There are 2 protein chains.
Amino acid sequence: MPNYQAGPLDRMFQALADPTRRVMVERLSRGPASVSELAAPLKMSLPAVVQHLQMLEASGLVRTQKVGRVRTCQLEPGALQLAEQWINDRRLQWERRLDRLGVFLAEDENQEKKT
Amino acid sequence: MPNYQAGPLDRMFQALADPTRRVMVERLSRGPASVSELAAPLKMSLPAVVQHLQMLEASGLVRTQKVGRVRTCQLEPGALQLAEQWINDRRLQWERRLDRLGVFLAEDENQEKKT
DNA sequence: ACAATACTTAAGTGGATGCCTAACTATCAA
DNA sequence: TTGATAGTTAGGCATCCACTTAAGTATTGT
């Protein structure tokens with residue numbers, strides 16, 4: 001789609017789709033960190049890290065605030081729930097379907113027995 | 001990263017990051033479908049749909065098989081678990097951290113009372 | 001005041017993504 | 001056998017993504 005405005009789920013999953021960003025999220029799930037602290041274990045330039053950070057912010061996963069010359073980043077706790085929710089809904093729908101299928105097959109088996 | 005081979009989680013989240021593909025997954029969570037059935041509600045050409053389908057297959061979310069001239073697609077039930085797992089692990093880590101923080105604050109409060 | 005620190009901004013590059021159209025192949029149905 | 005159906009293949013185009021380097025701007029420690 002050309003000229004399509006990405007929704008929250010798009011940005012969220014997109015953010016999680018990159019290994020570098022997942023490492024950053026993992027780090028932040030152990031507590032807040034500055035930009036340089038986030039960058040330290042990553043083999044790339046600082047600007048690259050900041051770009052990733054911006055995607056994480058845009059997705060709502062991470063919140064940051066600058067105090068003095070240090071920008072501190074932390075996880076937005078509720079944010080991951082959005083993705084989790086969507087996945088869970090699919091699983092439920094799928095399981096409900098299998099249940100119905102199970103009932104159907106059971107009924108079918110009854111038919112067999114009657115015959 | 002240049003020359004980087006995408007891992008399973010990358011492909012999985014990447015697959016889920018597109019609204020068209022999520023619609024396809026939603027459809028499939030209600031039961032198997034042919035390619036044209038998947039394409040029907042989507043405002044794009046068949047080849048485009050097939051490309052999306054290929055990403056879903058590559059991510060392991062969807063399995064397909066061709067019988068005669070029709071390709072039938074279904075969800076790979078366990079696949080979503082991978083993503084769900086990762087998200088859950090982050091949540092747990094975060095919550096454990098908050099617990100420790102809570103303990104720390106409680107202890108701190110005790111200190112205060114003693115003073 | 002000066003240098004080091006902690007980012008920030010800007011501009012550019014190569015490769016992946018999300019579409020498209022046109023032309024093709026295989027199956028099924030009459 | 002001929003035509004309709006269901007996908008497939010190929011090539012092209014605009015945009016986005018993941019980097020880079022180079023050059024800035026605030027803060028802070030001495």
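Please read these numbers as outputs of a predicted model, since none were measured by experiment. Labels below follow one simple rule: chain letters A, B, ... track the order of the sequence lines, proteins then strands, and each chain is numbered from 1.
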Novice: Could you state the CZ-P distance from R69(B) to dT27(C), rounded to the nearest angstrom?
Specialist: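 After rounding, the gap between these two atoms is 10 Å.
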Novice: NZ of K43(B) versus C1' of dC20(C): gap in Å, rounded?
Specialist: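 From K43(B) NZ to dC20(C) C1': 17 Å.
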Novice: Taking for each residue the nucleotide of DNA chain C with the nearest heavy atom, is it V35(A) or G68(B) whose nucleotide lies nearer the 5' end?
Specialist: V35(A)
Novice: Are any of S34(A)'s side-chain N or O atoms less than 4.0 Å away from OP1 or OP2 of dC7(C)?
Specialist: yes
Novice: Just checking Q54(A): base, sugar-phosphate only, or nothing, at a heavy-atom cut-off of under 4.0 Å?
Specialist: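 Nothing, no nucleic acid heavy atom in range.
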Novice: Measure from CG on L46(A) to P on dT5(C) and round the result to the nearest Å.
Specialist: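 Distance, rounded to whole Å: 13 Å.
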Novice: Could you check whether A48(B) gets within reach of a base, just the sugar-phosphate, or nothing at all, counting any heavy atom under 4.0 Å?
Specialist: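 If one applies the 4.0 Å heavy-atom cut-off, A48(B) turns out to touch the sugar-phosphate alone, with no base involved.
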Novice: Calculate the interatomic distance between Q51(A) atom CD and dC17(D) atom P; express it in whole Å.
Specialist: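 Result: 11 Å.
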Novice: Between M55(A) and V50(B), who's closer to the 5' end of DNA chain D by nearest nucleotide?
Specialist: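 Result of the comparison: V50(B).
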Novice: Hey, does E37(B) reach any base, or is it just sugar-phosphate, or nothing, if we go heavy atoms under 4.0 Å?
Specialist: nothing
Novice: Using a distance-only test with no angle check, is there a side-chain donor-acceptor pair under 3.5 angstrom linking E26(B) and W86(A)?
Specialist: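 Yes, because at least one side-chain N or O of E26(B) sits under 3.5 Å from a partner of the opposite role on W86(A).
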Novice: Would you kindly give the CD-to-C1' distance between Q14(A) and dT15(D), to the nearest whole Å?
Specialist: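 Result: 13 Å.
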Novice: Nearest of dG18(C), dT21(C), dT8(C) to any side-chain atom of P47(B)?
Specialist: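 The answer is dT21(C).
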Novice: Scan S36(A) against the nucleic acid and name what it touches under 4.0 Å (heavy atoms): base, sugar-phosphate only, or nothing.
Specialist: sugar-phosphate
Novice: Got more than 12 heavy atoms from elsewhere within 6.0 Å of CD, Q81(B)?
Specialist: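 12 or below, so no.
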Novice: Atom NE2 of H52(A) to atom P of dA18(D): distance rounded to whole Å?
Specialist: 6 Å
Novice: In whole Å, what is the span from the NZ atom of K66(B) to the P atom of dA6(D)?
Specialist: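 One finds 12 Å between P of dA6(D) and NZ of K66(B), rounded.
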Novice: Examine R91(B) relative to W94(B) and say whether NZ or CZ is less than 6.0 Å from the centre of the six-membered ring and inside a 45° cone about the ring axis.
Specialist: no
Novice: So, is R71(A) close to the dT8(C) phosphate, meaning a side-chain N or O under 4.0 Å from OP1 or OP2?
Specialist: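 For R71(A), the contact criterion (side-chain N or O under 4.0 Å from OP1 or OP2 of dT8(C)) is met.
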Novice: In whole angstrom, give the distance that lies between atom CG of D18(B) and atom C1' of dG18(C).
Specialist: 8 Å
Novice: Do Q93(B) and R96(B) get their side chains close enough for a donor-acceptor pair, meaning under 3.5 Å?
Specialist: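 No, no side-chain donor-acceptor contact under 3.5 Å.
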Novice: Among L75(A), D18(A), V49(A), which one satisfies side chain to side chain contact (heavy atoms under 4.5 Å, CB included) with M24(A)?
Specialist: V49(A)
